[in-house]
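Below is one structure, written out as structure tokens; the observations come after it.
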Amino acid sequence: MRVALGVEYDGSRFCGWQTQPQGCAVQDALERALAQVASGPVATVCAGRTDAGVHALDQVVHFDISAERPETAWVRGVNALLPPACAVNWSRCVADDFHARYSAVARCYRYLLLNHPVRPAADSERAGWFHLPLDLEKMQRAARLLVGEHDFSAFRSAECQARTPVRTLVRLDVARRGDYVLFELRANAFLHHMVRNIVGCLVYVGRGKYPPEWLGEVLAGRDRKRAAPTFDAAGLYLSRAVYEARWGLPETPRATLMGMLS
């Protein structure tokens with residue numbers, strides 16, 4: 001039997017999604033809890049691996065299991081064994097050909113940036129921060145230059161293992177909510193550090209370091225050295241992975257800070 005889960009976590013409490021020898025990753029915590037409920041080892045696959053400090057509101061995971069358990073066991077039972085910074089929001093039995101990574105048709109990320117002269121305290125691990133005023137209209141103009149299918153080499157990290165830098169960015173919205181600037185991105189897939197590098201470039205434009213047209217030049221140049229430094233991981237959230245309706249997966253309505261700002 002194949003089971004899919006919707007998992008939420010505070011990435012500041014983990015060393016990333018992918019399992020590590022020291023057992024500090026989200027995958028390590030989740031597989032330990034699943035193994036106790038399943039009475040045996042469980043191997044998980046996720047929709048998108050996140051780095052240390054990056055959060056998830058609805059990370060989709062699948063695993064195969066032979067043990068007979070009610071769906072509620074994969075939620076309430078697993079949550080009783082997980083650390084407070086990680087929780088399963090839903091579970092579904094799915095078809096054997098469902099794959100958390102390869103069945104996803106798109107992934108959505110949000111970046112939450114506090115734009116305020118004083119650094120955050122309560123939100124220090126849940127939002128990025130920039131202290132100078134940002135011109136929202138210029139950032140929005142620059143963002144539109146990235147929408148579409150492009151070679152995003154200028155926005156990928158040196159450690160990126162993707163076979164191709166070409167991605168289709170369907171959505172890149174920039175909006176202000178009080179002292180917060182919210183970036184919403186949707187693409188068929190993302191390169192390593194792609195979102196944080198885009199946010200860094202948009203902040204450069206917003207503070208007036210470069211005009212909006214500069215971002216198009218960076219994109220066309222395909223040179224990572226011409227772009228801004230990688231922005232802080234604290235404000236980045238994997239908000240959801242998108243699947244065809246035929247898989248029957250639910251969305252996760254959450255009354256989180258991210259939801260209230262949307």
Side-chain angles (χ1 to χ4, degrees), residues 1-67 69 71-94 96-104 106-110 125-126 157 159-162 189-196 233-243 247 249-252 254 256 258:
M1 181 174 61
R2 181 158 290 187
V3 178
L5 306 176
V7 183
E8 175 183 341
Y9 50 86
D10 176 353
S12 67
R13 302 296 185 262
F14 300 96
C15 60
W17 160 265
Q18 191 169 8
T19 185
Q20 298 294 320
Q22 59 270 42
C24 59
V26 180
Q27 187 175 20
D28 295 316
L30 181 61
E31 290 184 355
R32 284 193 294 266
L34 288 169
Q36 291 189 59
V37 174
S39 301
V42 176
T44 59
V45 177
C46 73
R49 292 177 293 181
T50 53
D51 290 335
V54 177
H55 317 291
L57 301 178
D58 196 24
Q59 169 77 273
V60 175
V61 175
H62 85 255
F63 61 93
D64 294 326
I65 193 73
S66 58
R69 301 286 187 274
E71 286 191 2
T72 54
W74 305 121
V75 180
R76 287 182 293 186
V78 172
N79 282 343
L81 300 166
L82 283 171
C86 183
V88 176
N89 287 319
W90 54 262
S91 71
R92 288 288 187 279
C93 293
V94 291
D96 291 345
D97 58 341
F98 172 81
H99 194 283
R101 179 181 177 187
Y102 298 123
S103 297
R107 291 157 183 83
C108 303
Y109 279 88
R110 293 177 178 177
E125 295 177 329
R126 294 176 177 82
S157 74
E159 295 79 26
C160 184
Q161 298 178 358
F190 287 86
L191 303 168
H192 189 227
H193 287 175
M194 178 174 162
V195 176
R196 292 163 60 190
L236 184 57
Y237 295 74
L238 172 60
S239 54
R240 63 185 289 241
V242 182
Y243 298 88
W247 300 116
L249 303 185
E251 293 186 23
T252 305
R254 298 292 294 165
T256 61
M258 293 299 296

Heavy-atom pair of closest approach, residues [X] and [Y]:
| X | Y | value |
| --- | --- | --- |
| Arg69 | Ser39 | NH2-OG, 3.4 Å |
| Asn89 | Leu57 | ND2-O, 3.8 Å |
| Leu82 | Ala33 | CD2-CB, 3.9 Å |
| Ala104 | Ala100 | CB-O, 3.9 Å |
| Val54 | Ala233 | CG2-CB, 4.0 Å |
| Phe14 | Pro83 | CZ-CG, 4.0 Å |

Answer yes or no: is there a side-chain heavy-atom contact under 4.5 Å between [X] and [Y]?
| X | Y | value |
| --- | --- | --- |
| Ile65 | Val3 | yes |
| Leu30 | Val88 | yes |
| Trp74 | Val37 | yes |
| Val7 | Cys86 | yes |
| Gln161 | His192 | no |
| Glu125 | Arg13 | yes |
| Leu236 | Val195 | yes |
| Phe190 | Leu238 | no |

Pairwise distance [atom1]([X]) to [atom2]([Y]) - rounded to 0.5 angstrom:
| X | Y | atom1 | atom2 | value |
| --- | --- | --- | --- | --- |
| Thr50 | Gln59 | OG1 | CD | 6.0 Å |
| Arg240 | Leu249 | CZ | CG | 10.0 Å |
| Asp96 | Met1 | CG | CE | 10.5 Å |
| Cys15 | Asp28 | SG | CG | 6.5 Å |
| Met194 | Cys160 | CE | SG | 10.0 Å |
| Ser91 | Arg76 | OG | CZ | 10.0 Å |

For Arg101, does the CZ atom have more than 12 heavy-atom neighbours from other residues, nucleotides or ligands under 6.0 Å away?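 Open: at most 12 neighbouring heavy atoms sit under 6.0 Å from CZ of Arg101.
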Report the C-alpha distance between Cys46 and Gln27 in whole Å, list the side-chain angles of each, state the deciding distance to 0.1 Å, and finish with yes or no for side chain to side chain contact (heavy atoms under 4.5 Å, CB included). CA-CA 9 Å; Cys46 73; Gln27 187 175 20; over 6 Å; no
Please determine whether a side-chain nitrogen of the Lys or Arg among Arg126 and Asp10 lies less than 4.0 Å from a carboxylate oxygen of the Asp or Glu.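 Yes.
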Considering only NZ, NE, NH1 and NH2 on the basic side and carboxylate oxygens on the acidic side, decide whether Arg2 and Asp64 come within less than 4.0 Å.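 A salt bridge links Arg2 with Asp64.
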Expected output: side-chain [X] to main-chain [Y] donor-acceptor under 3.5 Å:
| X | Y | result |
| --- | --- | --- |
| Tyr9 | Asp58 | no |
| His55 | Ala234 | yes |
| Ser239 | Cys108 | yes |
| Glu31 | Ala29 | no |

Indicate the ring-plane relationship of Phe98 and Trp247, choosing parallel, tilted or perpendicular according to the 30° and 60° boundaries. perpendicular
Please step through side chain to side chain contact (heavy atoms under 4.5 Å, CB included) for the pair Asp51 and Trp17, ending with a clear verdict. CA-CA 6 Å; Asp51 290 335; Trp17 160 265; over 6 Å; no
